[in-house]
Amino acid sequence: MATDPSAPAASEVGPKKKLLVFDAEEDLAVSLAKYTADMSEKFAGERGAFTVVLSGGSLIEALRKLAEPPYLELVAWNKWHVFWVDERVVPKDHEDSNYKLALDGLLAKVPIPPGQVYAINDALSAEGAADDYETCLKQLVKNGVIAMSQTTGFPRFDVMLLGMGPDGHIASLFPGHPLVNENQRWVTYIKDSPKPPPERITFTFPVINSSAYVAMVVTGAGNAGAVQKALSDKQTSSDLLPIEMAVLQDGEFTWFTDKPAVSMLQNK
Ligand SMILES: O=C(O)[C@H](O)[C@@H](O)[C@H](O)[C@H](O)COP(=O)(O)O
């Protein structure tokens with residue numbers, strides 16, 4: 001059988017945990033667009049809605065092929081409901097806004113109904129914006145747009161498309177910060193983020209870990225140390241990086257990486 005030269009090296013790195021390693025960023029972007037489009041088809045068919053959660057960072061650029069043929073025409077964009085795993089507390093037209101990043105890079109190019117794109121209320125304080133976002137999620141659970149996890153009692157988003165920082169942070173959950181232990185709230189806030197800007201709102205771990213699917217998009221040698229810690233066998237219960245605390249209760253976790261990002265793994 002002929003092998004596709006652009007196909008990634010793929011391995012199972014745990015139960016319902018896959019590692020994809022791409023040679024070229026272009027191939028990663030093609031594969032991530034297909035993954036997301038397949039998820040959209042699955043959930044739009046099964047539930048009549050597709051709830052997709054975005055992070056900021058380089059993820060948005062990696063999603064660019066969704067706004068191109070064939071996906072631009074094929075995807076049922078009217079079924080999409082778009083959320084942010086974390087957002088900076090800045091005006092929506094500010095350069096630091098994750099909403100603006102996604103709008104410019106993807107959302108303005110695809111026909112998602114504007115009422116199904118859930119930006120934070122940028123007129124509020126960090127506390128107020130977190131409360132407001134949580135209230136919005138609760139309403140959407142009542143309406144049946146967002147599913148609930150029977151296992152955890154937290155909302156169960158269909159897909160989270162996430163990035164990770166070199167320190168192992170995901171969303172705005174940073175190593176050593178008490179927010180990583182939040183286990184009641186769905187959405188909370190941080191005013192002392194080590195990565196600027198300091199004020200943000202963020203989903204909590206119980207929500208992230210209740211997801212049906214997570215794609216963790218991590219490239220570049222700068223992330224190799226955190227990737228190695230996350231995927232090594234010698235995990236200890238103390239001193240876990242946030243990326244190591246992303247353990248889905250009943251979902252499938254797929255790493256989309258490149259060779260530099262996995263360069264510190266043994267047997268890669
Ligand atoms: O608000 C943020 O700062 C981002 O949402 C953040 O959580 C991002 O996803 C990671 O820092 C990875 O960023 P890169 O992909 O740019 O490395």
Side-chain angles (χ1 to χ4, degrees), residues 20-22 25 28-29 31-33 36 52-65 82-107 117-120 122 126 129-130 133 157 159-177 179-180 182 187-205 207-209 211 214-230 241-246 253-264:
L20 305 179
V21 184
F22 295 88
E25 195 279 339
L28 185 155
S31 178
L32 186 64
T36 309
V52 56
V53 178
L54 304 175
S55 73
S58 55
L59 169 82
I60 302 301
E61 171 72 5
L63 289 172
R64 66 189 177 279
K65 295 201 176 286
V82 180
F83 304 86
W84 277 266
V85 74
D86 69 334
E87 178 58 288
R88 292 91 176 270
V89 182
V90 294
K92 284 205 274 286
D93 58 359
H94 192 283
E95 281 308 311
D96 283 340
S97 164
N98 282 342
Y99 167 81
K100 178 175 165 34
L101 181 74
L103 185 71
D104 294 347
L106 176 67
L107 302 176
V117 174
Y118 305 92
I120 68 165
D122 61 357
Y133 211 77
F157 287 90
V159 178
M160 293 200 183
L161 303 169
L162 306 182
M164 179 196 83
D167 59 354
H169 85 262
I170 60 166
S172 286
L173 300 164
F174 291 90
H177 196 283
L179 273 196
V180 300
E182 173 59 52
V187 182
T188 188
Y189 65 91
I190 177 168
K191 290 190 152 183
D192 56 355
S193 163
K195 178 180 177 183
E199 298 204 359
R200 293 143 171 264
I201 73 167
T202 182
F203 283 11
T204 59
F205 268 118
V207 176
I208 294 170
N209 288 342
S211 307
V214 168
M216 184 60 63
V217 182
V218 178
T219 58
N223 289 319
V227 169
Q228 193 237 350
K229 187 148 192 294
L241 293 177
I243 184 64
E244 296 175 273
M245 298 173 74
F253 193 105
T254 306
W255 289 82
F256 286 77
T257 68
D258 63 0
K259 288 196 168 152
V262 299
S263 56
M264 288 171 69

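Side chains included, hydrogens not; waters and symmetry mates left out as well; all remaining heavy atoms used. Read the numbers this way: they start at 1 and go in the same order the structure lists the ligands and their atoms.
For ligand 1, the protein residues within 4.0 angstrom (heavy atoms only) are Ser55, Gly56, Gly57, Ser58, Asp86, Arg88, Asn98, Gly163, Met164, Gly165, His169, Ala171, Lys195, Arg200.
Heavy-atom minimum distance, Val90 versus Asp96: CG2-C, 4.1 Å. Closest non-hydrogen pair, Ala224 versus Ser263, comes out as CB-OG, 3.7 Å. Gly220 approaches Pro260 most closely through the heavy-atom pair C-CB, 3.8 Å. In this structure, Val85 and Met160 approach most closely via the heavy-atom pair CG2-SD, 4.4 Å.
With Leu173 as the partner, the side chain to side chain contact (heavy atoms under 4.5 Å, CB included) test is satisfied by one option alone out of Ile243, Thr202, Thr204, Asp86: Thr202.
Between Tyr133 and Phe83, the two ring planes are perpendicular [angle over 60°; tilted spans 30° to 60°].
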